[in-house]
Engineer: 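Sharing a structure, written as C-alpha cells. Questions coming.
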Amino acid sequence: MDSFSSLIRTASHEQHTEAETSTFMSDLLGGRLGVDAYARHTEQLWFVYEALESTAGRLARDPVAGPFVRPELFRLPALERDLAHLRGPDWRDGLDALPATRAYADRVRECAERWPGGYVAHHYTRYLGDLSGGQIIRDKAERTWGFARKGDGVRFYVFEQIANPAAFKRGYRELLDGISADELERQRIVFECKRAFALNTDVFRALGEEFPLSA
Ligand code: HEM
C-alpha cells in the first residue's frame with residue numbers, strides 16, 4: 001500500500017498542475033505582470049498565513065496537528081517585511097482580502113478550530129509547496145522586479161532556519177506517514193488537501209481578473 005505522503009501527493013497532482021498553470025501564475029512567472037500584481041498576491045498570502053499561524057500555538061499540543069507545527073516554517077514575519085518593502089510602512093492600511101482569499105482563510109481557521117486533520121491538509125498544501133515551487137517563484141521575482149537575492153520582497157520564499165529543504169521535506173513526509181489517523185480520516189485529509197488546492201486556484205482566478213493582460 002502507498003504511504004500517506006505519496007497518496008496525498010498523487011491525489012493532488014492534477015490540481016497542482018492546474019494551480020501552477022493558472023493564467024495569473026503563468027503571467028506572473030512569465031514576467032508579463034507589474035510588481036503591483038506581485039504585491040497584491042503577497043497581500044493575499046498574508047491573510048492565509050495569518051490564519052495558519054495565529055492558530056498554530058493552540059494546535060502545537062494537538063496529537064494530530066502538533067508535530068507539524070514548527071516555528072522554522074512560520075512565514076508571517078517574512079511576509080510583513082516583504083509587504084513593508086512592497087507597499088511602504090503603511091502597508092496595513094491598504095491590506096484588503098479578495099472574497100476568494102477570505103473564503104480560503106476562513107476555511108483554514110475553521111479547520112484549526114474544529115478539525116486538526118484538516119489543518120494538516122492546509123499546512124501541507126502551503127508549506128511543502130513554498131519549500132518546493134516557491135523557490136522557482138522567488139527566482140523569477142528577483143529577476144523580474146529586481147529584488148535583492150533572498151532580500152526584501154521575496155523573504156516569504158526564504159526559509160532562513162531550514163538549511164536543507166530537501167531533508168526537511170523528507171522529514172515532513174515521514175510525519176505525514178506517521179500521522180495518527182485511521183483510514184477514513186486519512187481519506188478526509190486527502191479530500192481537504194484537494195479543497196486547499198482549489199481554494200488557491202480560486203485566489204489565482206480572482207487575481208487574474210484583477211490583472212488581465214492588456215495585450
Ligand atoms: C508556478 C507555481 C508553482 C510551481 C512552479 C511549483 C513547482 C513545484 C515543484 C517543482 C514541486 C516538486 C518538488 C519536489 O518534488 O520535491 C512542487 C511541489 C509541491 N507544490 Fe508546487 N508549484 C507551484 C505552485 C504551487 C501551488 C499554488 C501550491 C499550493 C498552494 C503548490 C503546492 C505544492 C506542494 C504541496 C508540493 C509538494 C508535493 C509533495 O512532494 O508532496 N505548488 N511544486
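Small disclaimer: the values here were computed from a predicted structure and weren't measured. Counting starts at 1 for both ligands and their atoms, in listed order.
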Engineer: Students should be able to answer this: which protein heavy-atom is nearest to atom 26 (C) of ligand 1, and at what distance?
Structural biologist: A19 CB, 4.4 Å
Engineer: Starting from atom 28 (C) of ligand 1, locate the nearest protein heavy atom and write down its residue, its atom name and how far away it is, to 0.1 Å.
Structural biologist: F197 CE2, 3.7 Å
Engineer: What do you reckon, is CZ of R143 surrounded by more than 12 foreign heavy atoms closer than 6.0 Å?
Structural biologist: no
Engineer: Which of the atoms of ligand 1 are close to F204, meaning less than 4.0 Å from one of its heavy atoms?
Structural biologist: 27 (C)
Engineer: For the hydrophobic clusters of this structure (ILVMFWY residues joined by side-chain heavy atoms under 4.5 Å, transitively), does one cluster hold both V64 and V69?
Structural biologist: yes
Engineer: Does at least one non-hydrogen atom of Y127 fall below 4.0 angstrom from an atom of ligand 1?
Structural biologist: no
Engineer: Just to be sure I read this right, does ligand 1 sit under 4.0 Å from the backbone of Y124, its side chain, both, or neither, counting only heavy atoms?
Structural biologist: both
Engineer: With ring-ring contact (aromatic ring centres under 6.0 Å, His included) as the criterion, how do Y127 and F68 come out once you've worked through the C-alpha distance, each side chain's angles and the decisive distance to 0.1 Å?
Structural biologist: CA-CA 10 Å; Y127 294 107; F68 294 89; over 10 Å; no
Engineer: Which residue holds the protein heavy atom closest to atom 33 (C) of ligand 1, what is that atom called, and what is the gap in Å?
Structural biologist: G129 CA, 3.2 Å
Engineer: Any ion pair linking E80 and R92 (charged N to carboxylate O, less than 4.0 Å)?
Structural biologist: yes
Engineer: R173 versus ligand 1: do any nitrogen or oxygen atoms come within less than 3.5 Å of each other?
Structural biologist: yes
Engineer: Name the closest protein heavy atom to atom 31 (C) of ligand 1, giving the residue it belongs to and the distance to 0.1 Å.
Structural biologist: H16 CD2, 3.5 Å
Engineer: Give me the nearest non-hydrogen protein atom to atom 7 (C) of ligand 1 as residue plus atom name, then the distance to 0.1 Å.
Structural biologist: G133 CA, 3.2 Å
Engineer: Side chain of Q44, backbone of L98: donor and acceptor closer than 3.5 Å?
Structural biologist: yes
Engineer: What atoms of ligand 1 come closer than 4.0 angstrom to any heavy atom of T125?
Structural biologist: 29 (C), 30 (C), 32 (C), 35 (C)
Engineer: Salt-bridge test for E210 and R205: reply yes if a basic N is under 4.0 Å from a carboxylate O, no otherwise.
Structural biologist: no
Engineer: If you measure from the Lys or Arg side-chain nitrogens to the Asp or Glu carboxylate oxygens, is any gap between R40 and D96 under 4.0 Å?
Structural biologist: yes
Engineer: Is there a nitrogen or oxygen of K169 sitting under 3.5 Å from a nitrogen or oxygen of ligand 1?
Structural biologist: yes
Engineer: Give the residue, atom name and distance (to 0.1 Å) of the protein heavy atom nearest atom 11 (C) of ligand 1.
Structural biologist: S132 CB, 3.6 Å
Engineer: Ligand 1 and E20, any nitrogen or oxygen pair closer than 3.5 angstrom?
Structural biologist: no
Engineer: Strictly distance-based, threshold 3.5 Å: is any side-chain N or O of R75 a donor or acceptor partner for the main-chain N or O of V158?
Structural biologist: yes
Engineer: Using a heavy-atom cut-off of under 4.0 Å, does the side chain or the backbone of N200 touch ligand 1, or both, or neither?
Structural biologist: side chain
Engineer: Considering non-hydrogen atoms of the protein only, which is the closest contact for atom 10 (C) of ligand 1, and what is the distance?
Structural biologist: I136 CD1, 4.1 Å
Engineer: Looking only at protein heavy atoms, which one is nearest to atom 15 (O) of ligand 1, and how far off is it?
Structural biologist: R9 NH2, 2.7 Å
Engineer: Say whether F74 and L52 are linked into one hydrophobic cluster, either directly or through other cluster members, by side-chain heavy-atom distances under 4.5 angstrom.
Structural biologist: yes
Engineer: Does only the side chain of L29 get under 4.0 Å from ligand 1, or the backbone, or both, or neither? Count heavy atoms.
Structural biologist: side chain
Engineer: Side chains of D130 and Y157: do they bring a donor and an acceptor to under 3.5 Å?
Structural biologist: no
Engineer: Whether the S3 and S6 side chains hold a donor-acceptor pair (N or O, under 3.5 Å, no angle test) is what I'd like checked.
Structural biologist: yes
